[in-house]
Amino acid sequence: MGWNSWNKFGCNVSDKLIREMADAVVSTGMKNAGYEFVNIDDCWQVSRAADGTIVVDAERFPSGMKPLADYVHSKGLKFGVYTDAGRMTCQKRPGSYQHEAQDIKTYASWGVDYVKIDWCYAEGLEPAVQYPKFRDAIAQSGRPIVFSICNWGVKAPWTWGPRTGNLWRTTGDISDNYNSMSVIGFSQDGLDKFAGPGHWNDPDMLEVGNGGMKRDEYLTHMSLWAILAAPLLAGNDLRSMSDETKSILMNPEVIAIDQDKKGAQGHRVWDEGPLEIWVKPLADSSQAVGLFNRGESPLKITLDFNKIGAPPSTNLRDLWQRKDLGTMQNSYTAEVPKHGVILLKVSK
Ligand code: GAL
C-alpha cells in the first residue's frame with residue numbers, strides 16, 4: 001500500500017511534491033490506515049554520466065535522491081522509484097537496459113525500498129529474460145527492495161512473475177473513468193491461482209479521488225481491488241482530499257479485506273447480464289463478497305448462500321455502510337445502484 005505520482009501528476013514530479021505528499025500521507029491518516037510507500041513514477045531521470053550512472057533531474061530534485069529518501073524515511077514511510085527495462089522509459093528518459101545492476105546499486109545507495117520497472121522501448125527483448133536481471137541485482141544489493149514488474153500483462157507475467165518480482169501488472173494503463181477501471185477490474189477473473197503472499201497480480205494503481213468517476217464507481221473500484229488482493233497505490237492528490245475520498249481510501253474494513261493475511265485473490269462466482277458476484281476467501285474462514293451492478297440503472301441482485309458454500313443461516317455485514325445486517329436465511333437480495341456495489345463480509 002502506498003502512493004504513486006503518475007495517475008495525477010504524470011511528468012510533473014519534484015522534490016517539493018514528494019515531500020509534501022509524504023507529509024500528507026501522515027497528516028491525512030493514510031499512514032495509519034496502512035499506506036506506506038511514497039513512489040516517484042516516470043520523469044525524475046534525465047541522462048547518464050560518463051561512467052553510466054543515472055543522472056537525476058537537478059532542477060526538479062535539487063538536493064538529489066538520497067536526502068529525499070531520508071526525508072520520506074524520517075516520516076516512517078518507504079521510498080520508491082521507477083525505471084524501465086528497455087532502452088528508454090515511456091516518457092523517453094534513459095532506460096535501464098544494460099545498466100540493470102548499476103541502477104539497482106545506485107537506488108540501494110539512496111535507500112530505495114521499491115522499484116517499478118516498465119517495458120517501453122524494449123523491442124526485441126524478452127521480459128522473462130530481462131526482468132530476472134533486476135531480481136538478481138536486488139538480491140546482490142543487500143537491500144530489501146519491493147520489485148514491481150510493469151509490462152502490462154505482455155507474455156503472461158503471472159507465469160514467470162512469481163519467481164521474479166513481488167507484483168506484476170496484468171493489463172494496460174488505467175485511466176480515471178468507469179469504462180477503463182471496470183474493464184480492467186472485471187477482467188481479472190482466473191488469475192487468482194497465480195497470486196499469494198509476496199507475489200501479486202497488479203491491475204494498476206488507484207484513481208480514487210481524481211474526479212473522473214462518481215462515488216458509486218469509486219466504491220466499485222476500491223471494492224474490486226480489495227477482492228482482488230490488489231496492491232493499493234493511491235494516485236490522487238493527498239494534500240487536498242475530500243472527506244468522501246478519504247472515506248473510500250481509508251475504510252479500515254475494506255482495507256482489511258485487501259490485506260487479509262490468507263493472501264487469496266478473489267474470483268467471480270456468478271454473472272448474469274450486467275450483474276456479477278465476486279468472492280474472496282479470508283483467513284478467519286469468512287468471505288468477502290461483492291455484489292456488482294455494471295448496468296446503467298439500479299438492479300436487484302440475489303446472493304444464494306449455497307452458491308458460495310455458506311450455510312443456510314449466515315451473518316452478513318455491509319462493509320461500506322459499516323453495519324451488521326444480521327443473520328439471514330438462504331439468500332440475501334439487495335438493490336445495487338448503477339455502476340455500484342454492495343460489499344459484504346459473510347460469516348457463520
Ligand atoms: C506506463 C505505465 C504507467 C506509467 C507510465 C509512465 O507504461 O504503465 O503506469 O508508469 O508508463 O510513463
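First listed ligand is number 1; within each ligand, the first listed atom is number 1. Heavy-atom basis, side chains included; hydrogens, waters and symmetry copies ignored.
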Any atoms of ligand 1 less than 4.0 Å from a non-hydrogen atom of [X]? List them with their elements.
X	result
Cys150	2 (C), 8 (O)
Cys90	1 (C), 7 (O), 11 (O), 12 (O)
Gln91	12 (O)

To check your reading of the model: name the closest protein heavy atom to [atom], its residue, and the distance in Å.
atom	result
atom 12 (O) of ligand 1	Asp42 OD2, 2.8 Å
atom 5 (C) of ligand 1	Trp6 CE2, 3.6 Å
atom 9 (O) of ligand 1	Lys116 NZ, 2.8 Å
atom 1 (C) of ligand 1	Asp118 OD2, 3.1 Å
atom 8 (O) of ligand 1	Asp173 OD1, 2.5 Å
atom 4 (C) of ligand 1	Asp41 OD1, 3.4 Å

Q) Do Thr83 and Ser96 have side-chain atoms, one donor and one acceptor, less than 3.5 Å apart? A) yes
Q: Flag this pair as yes if the NZ/CZ of Arg19 is under 6.0 angstrom from the six-membered ring centre of Tyr71 and inside a 45 degree cone about the axis; otherwise no.
A: yes
Q: With the side chain counted from C-beta on, respond yes when Lys78 and Asn39 share a heavy-atom pair under 4.5 Å apart, and no when they do not.
A: no
Q) With Trp44, which of Tyr82, Phe79, Trp110, Trp6 fulfils ring pair (Phe, Tyr, Trp, His ring centres under 6.0 Å)? A) Trp110
Q. Where's the contact between Cys43 and ligand 1, heavy-atom distance under 4.0 Å: side chain, backbone, both or neither?
A. neither
Q | Pairing residues for Asp318 by the salt bridge (Lys or Arg N to Asp or Glu O under 4.0 Å) criterion, not counting sequence neighbours | A | none
Q: Could you go through the salt bridge (Lys or Arg N to Asp or Glu O under 4.0 Å) check for Asp42 and Arg93 one step at a time?
A: CA-CA 8 Å; Asp42 207 345; Arg93 307 307 174 91; 5.6 Å; no
Q) Under 3.5 Å, N or O to N or O, is Trp152 touching ligand 1 that way? A) yes
Q | Plane angle bin for Phe194 and Trp158 - parallel if under 30°, tilted between 30 and 60°, otherwise perpendicular | A | tilted
**Q.** Listed partners of Asn236 passing side-chain contact (heavy atoms from CB on, under 4.5 Å), at least two apart
**A.** Asn210, Ala234, Leu238, Met241, Thr245, Leu249
